[in-house]
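Letters go in sequence order (proteins before strands), and every chain restarts at 1.
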Amino acid sequence: MRSKIAQKKEATVVEKVVSLAKRRGFVFQSSEIYGGLNGCWDYGPLGVELLRNIKEEWWKFMTFREDIEGLDASILMHPRVWQASGHVDNFSDPMIDCKQCKSRYRLDTLSDLVNQKRKKKTINALKEALGDGNEGVEKINSFFVNSDAEGEAKLDDVFEHILEDEVLSRLMLKHLNCPNCGNAESFTEPRSFNLMFKTFVGPVESTENTVFLRPETAQGIFVNFLNVQGASRQKLPFGIAQIGKAFRNEINTKNFLFRTREFEQMEMQYFVKPEDDKKHYDTWKEARIQWFKDLGMTAEKLRFHDHPADKLAHYAKEATDIEYQFPFGWGEIEGIHNRTNFDLSKHQEFSGKSQQYYDDETKEKFVPFIIETSAGASRSFMAFLVDAYSEEEVKGETRVVLRFHPKLAPIKVAILPLVNKDGMPEIARKIEADLRPHMKVFYDDKGAVGRRYRRQDEAGTPFCLTVDTQTLEDNTVTVRERDSMEQERIAIDDLLVHLIRKMK
RNA sequence: GCGGGAAUAGCUCAGUGGUAGAGCGCAACCUUGCCAAGGUUGAUGUCGCGGGUUCGAAUCCCGUUUCCCGCUCCA
């Protein structure tokens, strides 16, 4: 158990990182000069490099192999896609909250929590409040008359009908006490929590022109399954990888980049024979956590969180999250799911187009199973950033270092003339020009060299090259390593090879 | 969506009704001799935003936005 002091200290780590992120140009708040936009963030000069490097490493990991193809699907898709996927239906349920005890209820299941006696009392109270001859009362009476249900079920039926009526449900909720805490008049207005952003195709804002910003990139892969398979002549098992933005109209945003309304996903959907699902699921599960470790993320701060069978999503047979221990607690950075043939079957059903795969060996047609690896690029960014952040005491001063893996570091090498004279700047500029085509470099000749080192530490630059007096004599420079602060002398001619080797 | 806290220079913060401040950072020039510590000069604020009270508001009141924490939610 963590103490309050420990929690407080941990909380400040996020604050420090947010502060550093802004100061050094990793992350800015969106539309800051207008007061910001809730849950949206912009990646600055260093941030965009880090994010690109993360995505680049993922892309190479996924597609530099024989059995995975790349894809970049449109963000806007046919609205039927989201009906087939279940996103439209599953997330349009109106909800209410109890202001007293903070319980949340789905309006369509609220009836189950209210007993007969209470229902009767509530309906009567509603009718009384409306008054005789009122339209609403007549409507309620017609619910009774038209209900096919018998006996007690009839009351349930009517109660549910009232809840489904937009006007009557609001009125009835005023007479219904919270099933949990029993308080009266403590419900909020019913609200729909559809997580998808809507917009319109074409200039007319009408229902039939409504499309959604995708809430996940996966569906773009699923609907292109046969296109990709045919074009690439792949055979099962094979995967499709995609990186792209997705949008969810979250109720609450939270924890810096962790829960945002616009975010980026790195998804790879692996299509397999149904009987091989377990094997591939296990393989990908291990491969994905190893990826984070190989890029320097602290192994002790990574774990699996397997979803128990009774809490699986409607499409999943088996699921796990890769979680990172953020300062605010464990949080998912990637999900690995066995999605079965749910998605392709649904699209087959809704589109009327066969999504079956023909196996030449067994001469069988079937809808493949899908093993999904779905990583959050934005969340990974935050995890890598937080994980890299460190402070240490050096001669009584605090040294702030971002210990990025060299592959992820926004700037790979800083080139520093020790002093701005004796021809050192000229040599340093020459080195800069030679290295720049190969990697992101930064030239700095301002102020004392120690200060320049520290500035690079804060940006996470793994190597600093310093041109000094000895350079003038033997054409070597010092290569200063970020984490150890140790230096070695390397001949200028060997620099490129040396650095590339160091960055592996 | 509910409750609590916060918002003043790029960052960290002081400023309880009377001229907008400090440290660090940043920029220019000088000086340099390997880990943020020399010198000189300089820039930067609608005190989150909008109303109100007041002769006068960063300060008091109301609203609002954003961030953080807790609850809730997270297919």
Side-chain angles (χ1 to χ4, degrees), chain A residues 4 7-8 10-12 14-16 18-25 28-41 44 82 85-93 95-106 186-191 193-196 215-216 248-256 258-259 307 311-316 319 321 327-329 331-332 335 337 394-401 416-422 424 445-458 464-472 477-478 480 482 484-487:
Chain A
K4 279 192 174 171
Q7 282 180 355
K8 193 173 180 184
E10 284 170 8
T12 63
V14 172
E15 285 166 21
K16 283 178 183 174
V18 172
S19 170
L20 175 69
K22 180 179 179 186
R23 186 158 44 83
R24 294 308 306 264
F28 309 119
Q29 198 185 358
S30 166
S31 318
E32 188 186 285
I33 64 170
Y34 287 101
L37 181 64
N38 185 284
C40 295
W41 302 87
W82 306 111
S85 69
H87 285 81
V88 172
D89 287 342
N90 285 356
F91 294 94
S92 53
D93 303 320
M95 317 266 274
I96 51 168
D97 290 331
C98 172
K99 292 180 204 165
Q100 295 296 326
C101 69
K102 316 300 179 200
S103 301
R104 171 162 294 168
Y105 305 100
R106 271 170 57 180
S186 67
F187 289 126
T188 59
E189 292 281 296
R191 291 178 301 263
F193 284 105
N194 195 306
L195 294 185
M196 287 195 292
E216 63 178 23
R248 294 183 194 180
N249 203 354
E250 298 283 357
I251 298 165
N252 285 329
T253 58
K254 207 175 186 180
N255 291 325
F256 194 37
F258 187 76
R259 175 158 301 128
H307 295 205
K311 288 201 173 170
L312 288 175
H314 59 276
Y315 54 73
D321 295 338
F328 53 80
E332 179 193 355
H337 293 186
V394 178
K395 294 179 184 171
E397 296 282 343
T398 302
R399 186 171 83 113
V400 174
V401 195
L416 319 170
L418 188 59
V419 291
N420 285 308
K421 61 178 187 182
D422 301 339
M424 291 182 203
D445 60 5
K446 303 291 194 304
V449 73
R451 178 176 309 223
R452 284 179 264 161
Y453 286 144
R454 296 303 171 84
R455 265 200 288 253
Q456 293 307 314
D457 290 340
E458 238 182 21
C464 290
L465 313 183
T466 303
V467 174
D468 59 10
T469 313
Q470 193 179 330
T471 309
L472 308 174
V477 296
T478 63
R480 181 256 196 189
R482 176 195 63 204
S484 64
M485 296 190 285
E486 284 172 3
Q487 295 177 306

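Look at OH on A:Y453: it is 17 Å from C1' on B:A37, rounded to the nearest Å. Nucleotide B:C35 holds its P atom 13 Å from the CG atom of A:L416, rounded to whole Å. Summarising the geometry, the separation between CG on A:D445 and C1' on B:C30 is reported as 14 Å, rounded to the nearest angstrom. Spacing between atom CD1 of A:I33 and atom C1' of B:G48 amounts to 13 Å, rounded to whole angstrom units. Per the geometry, CG belonging to A:L465 stands 16 Å off C1' belonging to B:C35, to the nearest Å. To the nearest angstrom, P of B:C71 lies 13 Å from CZ of A:F328. As rounded to whole Å, 10 Å separates atom P of B:C35 from atom CE of A:M485.
B:G48 and B:G15 are spaced 15 Å apart, taking the P atom of each and rounding to whole Å. With both ends at atom P, the span from B:G17 to B:C61 equals 12 Å, rounded to whole Å. Taking atom P on both B:G25 and B:C68, the two are 28 Å apart, rounded to the nearest angstrom. On the C1' atoms, B:C60 is 8 Å away from B:U53, given to the nearest whole Å. Look at the C1' atom in both B:A36 and B:G23: the space between them is 14 Å, to the nearest Å. When the C1' atom is used for both B:G39 and B:A7, the distance is 37 Å, rounded to whole Å. Taking atom C1' on both nucleotides, B:A9 is separated from B:G56 by 25 Å, rounded to a whole Å. Rounded to whole Å, the separation between the P atoms of B:C26 and B:U12 comes to 16 Å.
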Please write out the pairs of protein N or O atoms and N or O atoms of nucleotides 64-67 of chain B separated by less than 3.5 Å, giving the distance to one decimal.
residue : atom : partner : partner atom : Å
B:U65   : O2'  : A:G35   : O            : 3.4
B:U66   : OP1  : A:N38   : N            : 3.4
B:U66   : O4'  : A:G35   : O            : 3.1
B:U66   : O3'  : A:Q29   : NE2          : 2.9
B:U66   : O2'  : A:Q29   : OE1          : 3.4
B:U66   : O2'  : A:Q29   : NE2          : 2.7
B:C67   : OP1  : A:G39   : N            : 2.9
B:C67   : OP2  : A:N38   : ND2          : 2.7

Polar atom pairs (N or O), protein with nucleotides 6-11 of chain B, under 3.5 Å:
residue : atom : partner : partner atom : Å
B:C11   : OP1  : A:K22   : NZ           : 2.5
B:C11   : O3'  : A:S19   : OG           : 2.9
B:C11   : O2'  : A:S19   : OG           : 3.3

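Within the 4.0 angstrom heavy-atom criterion, base atoms lie near A:D422. Using a 4.0 Å heavy-atom distance criterion, A:R454 is classed as a base contact. The residue A:K446 sits close only to the backbone: its heavy atoms come under 4.0 Å of sugar-phosphate atoms, none of a base. Among the atoms of the strands shown, base atoms are found under 4.0 Å from some heavy atom of A:R248.
Mapping A:V18 and A:T469 onto RNA chain B by nearest heavy atom places A:T469 closer to the 5' end of the strand. Of the residues near RNA chain B, A:R399 and A:Q470, the one whose nearest nucleotide (by heavy atom distance) lies more toward the 5' end is A:Q470.
Taking the charged nitrogens against the carboxylate oxygens, A:R399 and A:E458 have no contact shorter than 4.0 Å, which rules out a salt bridge. The pair A:E32-A:K22 meets the salt-bridge criterion, with a side-chain N (NZ, NE, NH1 or NH2) lying under 4.0 Å from an Asp/Glu carboxylate O.
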Can you give one letter per nucleotide of nucleotides 41-46 of chain B, 5' to 3': B if a protein heavy atom sits under 4.0 Å from the base, S if only from the sugar-phosphate, - if neither?
------

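You'll find that the side chain of A:N420 is closest to B:U32, out of B:G33, B:A75, B:U32. Here the side chain of A:V449 is nearest to one of B:C34, B:C35, B:A75, namely B:C34. The side chain of A:R480 lies closest to B:C35, out of B:G33, B:C35, B:A36.
Minimum interatomic distance between A:D457 and A:R482 (heavy atoms only, all atoms of both residues): OD1-CG, 3.7 Å. In terms of heavy-atom proximity, A:H87 sits nearest to A:P215 at CD2-CG, 3.6 Å.
Between atom CZ of residue A:R24 and atom OG of residue A:S19 there is a gap of 11.5 Å, rounded to the nearest 0.5 Å. For the atom pair CZ of A:F256 and CD of A:Q29, the computed distance is 10.0 Å after rounding to the nearest 0.5 Å. Here CZ of A:F28 is found 13.0 Å from CD1 of A:I33. Values are rounded to the nearest 0.5 Å. Rounding to the nearest 0.5 Å gives a distance of 4.0 Å between OG1 of A:T471 and CG of A:D468.
Judged purely by atom type and a 3.5 angstrom limit, A:D422 has no side-chain atom pairing as donor or acceptor with the backbone of A:M424. With hydrogens and angles ignored, the 3.5 Å screen pairs no side-chain donor or acceptor of A:D445 with any backbone N or O of A:L416. No donor-acceptor pair under 3.5 Å is formed between the side chain of A:N255 and the backbone N or O of A:F258.
Residue A:R451 places none of its side-chain N or O atoms closer than 4.0 Å to OP1 or OP2 of B:C34.
Put simply, the residue from A:R480, A:R455, A:M485 that forms a side-chain contact (heavy atoms from CB on, under 4.5 Å) with A:C464 is A:R480. A side-chain contact (heavy atoms from CB on, under 4.5 Å) with A:R454 is found for one member of A:V394, A:V400, A:T398 and no other, namely A:V394.
The partner of B:C26 is B:G42, by the rule that a Watson-Crick or G-U pair needs both atom distances under 3.5 Å.
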